[in-house]
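To start, the structure under review is shown below, and the notes come after it.
The chains referred to below are lettered A, B, ... by the order of the sequence lines, with proteins before strands, and numbering in each begins at 1.
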Amino acid sequence: MSKLTAQGSSLISTMAINDNKAGMEGLNKEKINQIIFEASKGSKFFENEQKKEEQLNQKILEQQTLISSLSPAMLFHGLKEADELIEKLKDCQDLSHTIVHVDMDAFYAAVEMRDDPRLKDKPMAVGGMSMLSTSNYIARKYGVRAAMPGFIALKLCPNLVLVEPNFTKYTSVSQEIREIFAQYDPNFSPMSLDEAYLDLTEHLIYRRGSSNLCRIFLLRLKTDNSSIVVNDLECSCDLNAVLRPSVINLEELKINSVSSENLQEYLNSLDFSNFNLPKDCQVCNKKLPPFSLKLYDTTVEDAVLEMRNRIEQRTFLTASAGIAPNTMLAKVCSDRNKPNGQFQIHPDVQEIEEFMKNLPIRKISGIGKVTEKLLGSLNIGLCSDLYKQRALLYHAFSSLTFQYFMKITLGMGSTSLEKDEERKSLSTERTFAEISDPAQLYEKCAELCQHLAKDLNEEQLMGKTVSLKIKTISFEIKTRSHTLQCYTNDEKIIFNAAKQLLKVEIDSVKQSLLCLRLMGVRMSKLVPQASNQVSIVSMFNQSNRLTSTANRTNTHNFNIQKTDFDEKDFSTSINVLEANVPVLESTMTTRHSQKSLFQKTQSPPKKTTESGMKNSIMKFVSKSERCSDKIANNCYVESNIKVQNNNNLRNLDCENSSSTSLKLQSNSKSNFSNATMQNVSQATLISSVESKQKTFISCPVCGQQKFDWPLDQLNQHMDLCLSRKTIKTILQDEKNSNKRGSVQVENDDSLPSVPKRKKTQIAVDSYFK
DNA sequence: GCGGATCAC
DNA sequence: TATGGTGATCCGC
């Protein structure tokens, strides 16, 4: 009987406990899975998981059918292609960067434990009965982990303490650690509140030329081995902020007379009670704690240790870090010595190869539980297995995925951190107690649209594609989207579109009710809303300054009568002309000549180094489109230019896209190879009858306005605005992030990319003054 | 362009 | 009693 249930629980492979996470080694997995199974079985959620499991098993069967149909010749071909790819990849392997991944240990839980010492020796988790965000290391021993419902966690660990999340606090702590990150890499790339990638390459160059003084930091004396203990009477400010300047400026600290080898010993021997140091903190007025001085070396190990120590001194929280030549490896490394540890893979091909050999594929960011199982059916569990089975993988997966796998076998990953990029979508969704009443569903939809419109307005964004997401009470997820003719962030317009999408779904459930547990609305195809502050990225994407946000209302008309979309309601706020950009053939060689079951279409080529630079310019003068060397000197771009009505500044496009729109189309030749932008010449003004009235034309770069600005003058003016310097900066930026050299394989974008950096304004102290 | 799936956090 | 929210990407139409 128990055997049967155990089998039952293992049936849902994706529901089983995942001991991948740090602090979860050596658990009684069987017992844990049994408890999870007992708590879940029979639920709608469980049934849906079973369904998904069956689908996955079906996919595996199809995959195996495909594999078994491969002839020896085809396998040989796959092998040859794989080996050729691997050779090419090896040729462009870049080990010149030092990438660090820093990850706070059990972040939310650690913050809560820090602020409530009663939690310290208890199993605890942050979250609620329905979902946990994270758990502390004590709770992990019971199998309690992030993304687990609280009620199941309590079954695993009845003494578990659940703590409500406090995101305001986590955000504030995150800001503190980011200020430290910025001192080692001002362009660091945050992934979430608690982790970030840093490129320390430049820091290390400066560091090697720095004086010892720059590498001395204060450490609180620990009363216990594991963590800093602060009492209420003692200052808990960042010692390195409030006291370090005084300490290292002390005349008594005459380190120049001490040799580097003896410096740490000298620092240890110092008795600060003899020094003229403040006794109380100038910030909080509390007594300053006893401390020691630590000298860090110029090596990367010490740089990272220094950074982690400073984080701990400032936040009383520990971080782990991974050091490697690329982001993929650095991420794996940061997990290696968690918690409160670090691990390095040196930029050495042999060492990388050795490291990858026994690494489970699940450790790689981008390989989740589904891919793990899919690969498991091909006897692939370790990264080295990806190499062993490369002939099969060539046939069983898409070109992009195949390349991704081959890069993993070589330990390759991104060597540059993503720059700030514009977001691609914005959404809001809520889970709720079952709703089936259509009126209530529309009401919920309206709330979500209101929320979304507010967010869009706050972020000064407008979008074109509205998506509705629904999850039925049986956990079935559907998305339905509609692309408007115009960009908008108007609540009514968004709701009108979402309402129609919802109506179709409600109507499609014949003779019964659509029962939902979740609804969401998303806006994608975003453009920045115009403002006087013209950013380089947004300048050509600008819409009119006045958009149709005025008529917001909280009352909604649920009267659904039209069966089709009422396009009149979709007002235009921006009019972007279709780009006339020739899409050129890929510069990469086509590898998958024989299409496999899982790969029927060739993925579009990713930008290579050269075209990537142009691409970055294309991005802000037009939609992002591919452009190759061959058309570098003959590249058509589009731009939309703000046109405002003289009289009331209302958005002309907004009223009716066809009759009142005034479009300035610039099919201009732009010579990117000279790194300059040529005139927006040959621009044609397409105006409607109605727009013959006098109009203000604004320069899309500086915003200057003139009545009926002659195009040639406008072009000249824009030339001035778009100075050579600006373009050069952008090209340089792009160059820096693409130092791979031109290769005939898709660049690192084919790896799951580092998510876009959130906009963070951080005051960067100059570390090496 | 759309919808489903997968993934990360 | 009870299994999240946000954003991105890829694949196959």
For atom CZ of A:Phe45 and atom C1' of C:dG4, their distance in whole Å: 11 Å

Can you measure from OG (A:Ser135) to CE (A:Met124) and round to the nearest 0.5 angstrom? 9.0 Å

Going by side-chain contact (heavy atoms from CB on, under 4.5 Å), name the residues that satisfy it together with A:Ser130, two or more places apart in sequence or in a different chain. none

Quick one: salt bridge (Lys or Arg N to Asp or Glu O under 4.0 Å) partners of A:Asp507, sequence neighbours excluded? A:Lys503

For A:Asn48 and C:dA2, what is the distance between atoms CG and P respectively, to the nearest whole Å? 15 Å

Rounded interatomic separation in angstrom, taking NZ from A:Lys525 and P from C:dT9: 13 Å

Remember a base hit wins even if backbone is also touched, and classify A:Leu193 as base, sugar-phosphate or nothing at under 4.0 Å, heavy atoms. nothing

Which residues satisfy the side-chain contact (heavy atoms from CB on, under 4.5 Å) test with A:Glu164, sequence neighbours excluded? none

Counting heavy atoms from C-beta on, name the nucleotide in C:dG5, C:dC10, C:dT9 closest to the side chain of A:Leu400. C:dC10

So if I take every side-chain heavy atom of A:Ser427 and compare against C:dC10, C:dG7, C:dT9, which nucleotide ends up nearest? C:dG7

If the condition is side-chain contact (heavy atoms from CB on, under 4.5 Å), which residues does A:Ala330 pass it with, not counting sequence neighbours? A:Ile99, A:His101, A:Ala324

Tell me, which of residues 151-159 of chain A have any heavy atom that sits under 4.0 Å from an atom in DNA chain C? A:Phe151, A:Ile152

Write down the distance between CD (A:Glu429) and P (C:dG4), rounded to a whole number of angstrom. 9 Å

Results of salt bridge (Lys or Arg N to Asp or Glu O under 4.0 Å) for A:Lys155 - residues two or more places apart only: none

Which of the following nucleotides, C:dA8, C:dT6, C:dA2, is nearest to the side chain of A:Met129? C:dA2

Selected nucleotide, minimal atom distance to A:Thr428 side chain, candidates C:dT6, C:dG7, C:dT9: C:dT6

Could I get the full list of side chain to side chain donor-acceptor pair (under 3.5 Å) partners for A:Asn159, not counting sequence neighbours? none

What pairs of residues pass the salt bridge (Lys or Arg N to Asp or Glu O under 4.0 Å) test when at least one of them lies in residues 474-483 of chain A, not counting sequence neighbours? A:Lys478-A:Glu505, A:Arg480-A:Glu505

Just the rounded figure in Å: distance from C1' of C:dG7 to CG of A:Leu526. 11 Å

Rounded off to whole Å, could you give me the CE-to-P distance for the A:Met15 and C:dA2 pair? 14 Å

In whole angstrom, what separates A:Met523's CE from C:dG7's P? 13 Å

With rounding to the nearest 0.5 angstrom, report the CG to CD distance, A:Asn489 to A:Glu458. 11.5 Å

Spacing of A:Leu518 atom CG relative to C:dG5 atom C1', expressed in whole Å: 9 Å

Students should find that the nucleotides of DNA chain B closing off the region near chain A, any atom under 4.0 angstrom from a heavy atom, are B:dG1 to B:dC9

Here's a test of your reading of the structure: between A:Lys471 and A:Ser425, which maps to the more 5' nucleotide of DNA chain C? A:Lys471

